[in-house]
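Reviewing the structure listed below.
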Amino acid sequence: MKANNKRRSKTEQMKKSIKRRGVILISVLAVLILMVNVITASYSWFTPGKVNGAGMEYVDTIANRSEQCTFKTYRGTKITSYSSGHYIDQIDYNTEITTESVPAGETKYFRTSIVNADTANASDVSLYFSSFGQANCNLTVAVIFPSNTVRTVSAAQTDYCLIRNAYVKVHDEKDVDGPGLLQVDWFVKNTGSSAVTVNVGPMGGSNANMYILYN
């Protein structure tokens with residue numbers, strides 16, 4: 001008899017526990033439903049408006065660099081002068097050219113003048129040859145300014161880079177050093193057995209071979 005009473009007591013306790021959990025679950029669900037209704041009602045009171053002049057706009061015409069650079073190349077002539085007991089070698093860049101032959105055993109000097117026509121923006125350029133050198137040649141190509149590089153060329157090359165990432169200033173007519181001017185001084189020394197022709201004309205012109213890339 002006592003065993004039966006204990007079983008009934010345990011069963012009743014389990015039923016009460018289940019009821020209690022059910023009440024708690026229902027209460028939680030009721031609170032969640034109430035919160036959802038309140039939030040939905042709150043947002044329904046808000047009507048989106050429109051403000052003129054506010055927001056973002058993409059404009060593809062804004063430039064932060066110039067792409068208005070042109071260039072010409074000049075032949076340099078070595079001049080040796082005597083002053084104060086010393087011989088001084090100077091290069092006089094006097095003749096605009098588009099092609100130049102570099103005989104075997106000789107060195108030819110060049111100045112490529114890059115001019116930026118943009119009065120608002122500077123630029124950053126690299127100067128290339130679409131083709132340079134020839135088979136079985138032996139050339140030394142050196143840039144004196146604005147970089148200080150020396151390289152050798154022993155075969156025909158395409159897209160040969162003379163200078164990289166060179167700064168070209170804004171075009172300012174009051175600039176005594178030249179409005180928007182960057183001067184690239186370089187030379188080619190031929191230590192091979194045959195002459196090599198160097199074409200320095202801008203692309204699209206006579207002896208077209210050199211071109212600019214904007215970086």
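Index from 1, following the sequence.
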Are [X] and [Y] side-chain neighbours, meaning at least one heavy-atom pair lies under 4.5 Å?
X      : Y      : answer
Arg164 : Tyr128 : yes
Asn121 : Glu67  : no
Ile212 : Leu127 : yes

Pairwise distance [atom1]([X]) to [atom2]([Y]) - rounded to 0.5 angstrom:
X      : Y      : atom1 : atom2 : answer
Cys69  : Leu213 : SG    : CG    : 12.0 Å
Arg75  : Phe110 : CZ    : CZ    : 8.5 Å
Asn138 : Asn190 : CG    : CG    : 7.5 Å

Strictly by salt bridge (Lys or Arg N to Asp or Glu O under 4.0 Å), give each pair with a member in residues 206-215 just once, sequence neighbours left out. none
If only atom types and distance count, is the side chain of Thr99 paired as donor or acceptor with the main-chain N or O of Asn199 below 3.5 Å? no
When hydrophobic residues are tied together by side-chain contacts of less than 4.5 Å, even through go-betweens, does [X] share a cluster with [Y]?
X      : Y      : value
Tyr214 : Val168 : yes
Val125 : Val200 : yes
Ile91  : Ile97  : no
Tyr109 : Ile114 : no
Tyr74  : Leu162 : no

For Lys72, look at atom NZ and say whether over 12 heavy atoms of other residues, nucleotides or ligands are found less than 6.0 Å away. no
Neighbour count >12 (heavy atoms, 6.0 Å) for atom CG, Asn136: no
Nearest heavy-atom neighbours spanning Ala122 and Val170: N-CG2, 3.4 Å
Which atom of Met203 lies closest to which atom of Ala208, heavy atoms considered: CA-CB, 3.6 Å
Restricting to side chain to side chain contact (heavy atoms under 4.5 Å, CB included), what partner residues turn up for Gln68, sequence neighbours left out? Ser66, Asn116, Ala117, Asp118
For Tyr167, which fellow cluster members are found when Ile, Leu, Val, Met, Phe, Trp and Tyr are connected by side-chain heavy-atom distances below 4.5 angstrom, either directly or through intermediates? none
Return a table of donor-acceptor pairs under 3.5 angstrom between the side chains of residues 101-108 and protein atoms on other chains or two or more places apart.
from   : atom 1 : to     : atom 2 : distance (Å)
Lys108 : NZ     : Glu100 : OE2    : 2.9
Lys108 : NZ     : Ser101 : O      : 2.9

Taking distance alone, no hydrogens or angles, what donor-acceptor pairs closer than 3.5 Å link side-chain atoms of residues 139-159 to residues at least two apart or in another chain?
from   : atom 1 : to     : atom 2 : distance (Å)
Arg151 : NH1    : Cys161 : O      : 3.3
Arg151 : NH2    : Cys161 : O      : 2.3
Asp159 : OD1    : Tyr211 : OH     : 2.6

Atom pairs and distances, side-chain donor-acceptor, residues 180-187, under 3.5 Å, sequence neighbours left out:
from   : atom 1 : to     : atom 2 : distance (Å)
Asp185 : OD1    : Arg111 : NE     : 2.6
Asp185 : OD2    : Arg111 : NH2    : 3.1
Trp186 : NE1    : Thr112 : OG1    : 3.1

